[in-house]
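Keep in mind it's a predicted model, so treat the numbers as computed, not measured.
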Amino acid sequence: MDTVRRFGWIYCLGFMAVVAIGYVPAFNDADGNLFGLFKLDLYDDSLHFFSGVWAGVAAWSSYGAARTYFRLFGPLYFADGVMGLFLGSGYLDGGIFLYGPIQQSLYAHVFANLPHLLIGGLAIWVGYRLARAPRPAFAR
């Protein structure tokens, strides 16, 4: 299996873990905030779940499907993180439409959106840089 598809499986497992962690009481404070920073609701869980399913199906399907996943998903997720960083709400989970801009501390803005920036940025790199390299012969 080539590296692009491996990254797809990693994203699949990572997103499924994010959904699962949200239901572990040890990771939530008394107000229901994950890691004491933010709440994950059904919209967030759905976004993470379907992002993981999409990554898994793409990784399972083919190199081209995995490359396309990262090329589409990366910019969308990164832009969502940028929007969340500045406005407190992103667009992928509908937060900006449901709640509008949210006033939080800079600490909460950064740590709530840093994962989106890192995950989206890595996906952009995988889709446009790593996938641009010649594929191994066995992956064709």
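Residues passing the side chain to side chain contact (heavy atoms under 4.5 Å, CB included) test with A123 are Y11, F70, F73, sequence neighbours excluded. For S61, the side chain to side chain contact (heavy atoms under 4.5 Å, CB included) partners two or more places apart in sequence, or in a different chain, are V57, A65. Among residues two or more places apart in sequence or in another chain, the ring-ring contact (aromatic ring centres under 6.0 Å, His included) test is passed with F7 by none. Scored by the ring-ring contact (aromatic ring centres under 6.0 Å, His included) test, F86 finds no partners at all (sequence neighbours excluded). The side chain to side chain contact (heavy atoms under 4.5 Å, CB included) search around F50 returns S46, not counting sequence neighbours. With sequence neighbours excluded, the residues forming a side chain to side chain contact (heavy atoms under 4.5 Å, CB included) with N113 are L85, listed by chain and number.
Considering OG1 of T68 and CG of L72, their distance stands at 6.5 Å, rounded to 0.5 Å. A distance of 12.0 Å separates CZ in F78 from CG in L122, rounded to the nearest 0.5 Å. The CG atom of L130 sits 5.5 Å away from the OG1 atom of T3 when rounded to the nearest 0.5 Å. For the atom pair CG of L47 and CG of L42, the computed distance is 11.0 Å after rounding to the nearest 0.5 Å. For the atom pair CG (D80) and CG (L117), the distance works out to 9.0 Å, reported to the nearest 0.5 Å. We find the CZ-OH distance between R5 and Y69 to be 15.0 Å, quoted to the nearest 0.5 Å.
A distance-only check finds no donor-acceptor pair linking the side chain of N28 to the backbone of Y23 [under 3.5 Å]. Here the side chain of Y63 pairs a donor or acceptor atom with the backbone of A131 at under 3.5 angstrom.
Under a hydrophobic-cluster definition in which Ile, Leu, Val, Met, Phe, Trp and Tyr are linked whenever side-chain heavy atoms come within less than 4.5 Å, directly or via other members, L76 and L87 are assigned to the same cluster. F49 is not connected to L92 by any chain of hydrophobic side-chain contacts under 4.5 Å among Ile, Leu, Val, Met, Phe, Trp and Tyr, and they are in different clusters. I10 and I119 are not part of a single hydrophobic cluster, where members link through side-chain heavy atoms under 4.5 Å apart.
A side-chain hydrogen bond (donor to acceptor under 3.5 Å, both in side chains) check over residues 50-59, counting only residues at least two apart or in different chains, returns nothing.
Considering every non-hydrogen atom in both A66 and V4, the closest pair reads CB-CG1, 3.8 Å. The minimum heavy-atom distance linking A55 with C12 is given by the pair CB-N, 3.8 Å.
Other residues, nucleotides and ligands contribute more than 12 heavy atoms inside 6.0 Å of the OH atom of Y91.
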Extract all donor-acceptor atom pairs below 3.5 Å that involve side chains of residues 13-21 and protein atoms in other chains or at least two apart in sequence.
none

